[in-house]
Amino acid sequence: MTTPTEDLRFGFGRNWSRFLSQVDADRIEAAERSLLSMLHRSTLDGTSFLDVGSGSGLFSLAARRLGARVHSFDYDPESVACTSELRRRFRPDDDGWTVEHGSALDREYLEGLAHYDVVYSWGVLHHTGAMWDAIDLVAERVADHGSLFIAIYNDQGSGSARWTAIKRRYNASGRVARGALLGGVGAYFAVKFVWKRSVGRVRRSATDGAAQTQRRGMSYATDLVDWVGGYPFEVAKPDEIVAFLARRGFTLRSLITCGRKNGCNEFVFDR
């Protein structure tokens, strides 16, 4: 198993633990709608669902409520605890939903799992420190005629390099400096939005950061911390992801791109 250097790794689970108190019926239903919309399904009844890097556990919960048998795992023990807490809160004693600690880079662990009708990994594989290896290994868990639903950070060229530097600085800094970076980035996004609105250039779409957060039932504050702190950090252009998975027998079914903006490109592939 290959793992990146741990000293600058962001504490994703600590961030998710603050989000759990906000999980309510509206957020769960939004997560359900976003899953069904991208997968072009009306239900997940009778399917198997692998949540790679389950984080808060919200989408594992959504998939289970939609009828799938769910297996969730995450590398971060605090994320595993978050997913387990949502399971305890909403689906106690549910033998159709299992939660484990595991890594998307651990070949032995992954090969010990079954093949799944839907393999889901939203905004996770680019944080492993070996993104292409992680995509390759996770894709192998997709059953014949199954679907792979992933979201990967958009490659903005020099802009992505600047964000990488900010993320490294955040994770190398103390509490005060981290707060200052969060405040600065939050103010930057706010001023940018106000300026665009003032000159009539705001066009809300499914790829806008705030709209994407709302559509998926997430929290903007949680996502902002994740964006500023999320490290390791890798990016890819949409055509690179499509070509990589095409060589492994996958056909693109759905794609939502960010264009030139910050954020994740969302892909659904069929095997």
Side-chain angles (χ1 to χ4, degrees), residues 12-13 16-17 19-104 106-125 134 137-151 215-219 250 253-254 266-271:
F12 291 98
W16 287 125
S17 66
F19 171 69
L20 291 190
S21 63
Q22 303 176 54
V23 175
D24 57 15
D26 288 343
R27 291 190 187 278
I28 296 167
E29 289 168 9
E32 291 173 1
R33 288 193 298 270
S34 72
L35 274 179
L36 294 177
S37 176
M38 280 296 286
L39 292 169
H40 297 287
R41 292 174 179 261
S42 60
T43 181
L44 293 179
D45 193 38
T47 65
S48 55
F49 185 97
L50 178 64
D51 190 353
V52 179
S54 55
S56 69
L58 176 60
F59 283 85
S60 291
L61 173 60
R64 183 63 184 136
R65 281 168 47 103
L66 290 168
R69 300 185 318 279
V70 177
H71 182 79
S72 315
F73 74 87
D74 202 295
Y75 177 80
D76 185 330
E78 292 184 79
S79 291
V80 176
C82 288
T83 302
S84 297
E85 171 58 20
L86 276 197
R87 182 181 179 276
R88 184 201 65 77
R89 191 185 305 175
F90 292 99
R91 308 287 298 196
D93 304 317
D94 184 350
D95 60 6
W97 179 7
T98 56
V99 183
E100 290 184 347
H101 178 264
S103 169
D106 188 338
R107 180 181 295 276
E108 183 177 356
Y109 172 75
L110 290 170
E111 289 180 348
L113 300 177
H115 290 89
Y116 293 81
D117 299 314
V118 179
V119 174
Y120 174 85
S121 191
W122 208 104
V124 172
L125 304 179
L137 289 169
V138 166
E140 283 300 310
R141 293 301 94 205
V142 180
D144 290 343
H145 309 295
S147 298
L148 175 66
F149 183 174
I150 60 174
R215 171 172 59 85
R216 301 182 62 245
M218 305 306 292
S219 158
F250 288 85
R253 190 208 303 184
S254 301
E266 299 178 81
F267 308 82
V268 175
F269 294 91
D270 292 330
R271 186 172 201 175

Might you point out which heavy atoms bring [X] and [Y] nearest each other, and give the distance in Å?
{"X": "D117", "Y": "G46", "value": "OD2-O, 4.2 Å"}
{"X": "Y116", "Y": "S48", "value": "CA-OG, 3.3 Å"}
{"X": "G57", "Y": "L86", "value": "C-CD1, 3.6 Å"}
{"X": "L58", "Y": "A31", "value": "CG-CB, 3.9 Å"}
{"X": "L35", "Y": "A63", "value": "CD1-N, 4.0 Å"}
{"X": "A104", "Y": "L137", "value": "O-CD1, 3.6 Å"}

Just by distance, with hydrogens left out, do S60 and S72 show a side-chain donor and acceptor under 3.5 Å apart?
-> yes
Tell me if a side-chain donor or acceptor on [X] pairs with a main-chain N or O of [Y] at a distance below 3.5 Å.
{"X": "T43", "Y": "L66", "result": "yes"}
{"X": "R69", "Y": "W97", "result": "no"}
{"X": "S56", "Y": "S17", "result": "no"}
{"X": "S254", "Y": "V268", "result": "no"}
{"X": "D74", "Y": "S79", "result": "no"}
{"X": "H71", "Y": "D51", "result": "no"}
{"X": "R141", "Y": "V119", "result": "no"}

Look at the rings of F73 and Y109 and say which category their plane angle falls in: under 30° parallel, 30 to 60° tilted, over 60° perpendicular.
-> perpendicular
For [X], give me all partners under salt bridge (charged side-chain N to carboxylate O under 4.0 Å, His left out), at least two apart in sequence or on another chain.
{"X": "D94", "value": "R64, R91"}
{"X": "R89", "value": "E85"}
{"X": "E140", "value": "R271"}

State whether the number of non-hydrogen atoms from other residues, nucleotides or ligands found under 6.0 Å of [X] atom [atom1] is greater than 12.
{"X": "D95", "atom1": "CG", "value": "no"}
{"X": "H40", "atom1": "NE2", "value": "yes"}
{"X": "E108", "atom1": "CD", "value": "no"}

Side-chain touch [X]/[Y], heavy atoms, less than 4.5 angstrom:
{"X": "M38", "Y": "W122", "answer": "no"}
{"X": "V142", "Y": "F269", "answer": "no"}
{"X": "F149", "Y": "E266", "answer": "yes"}
{"X": "D76", "Y": "W16", "answer": "no"}
{"X": "L39", "Y": "S147", "answer": "yes"}
{"X": "T47", "Y": "R41", "answer": "yes"}

Roughly how far apart are [X] [atom1] and [Y] [atom2], rounded to 0.5 Å?
{"X": "T83", "Y": "L61", "atom1": "OG1", "atom2": "CG", "value": "10.0 Å"}
{"X": "E100", "Y": "S54", "atom1": "CD", "atom2": "OG", "value": "10.5 Å"}
{"X": "F12", "Y": "Y75", "atom1": "CZ", "atom2": "OH", "value": "11.5 Å"}

Carefully, step by step, assess C82 and F19 under the rule side-chain contact (heavy atoms from CB on, under 4.5 Å).
-> CA-CA 9 Å; C82 288; F19 171 69; over 6 Å; no
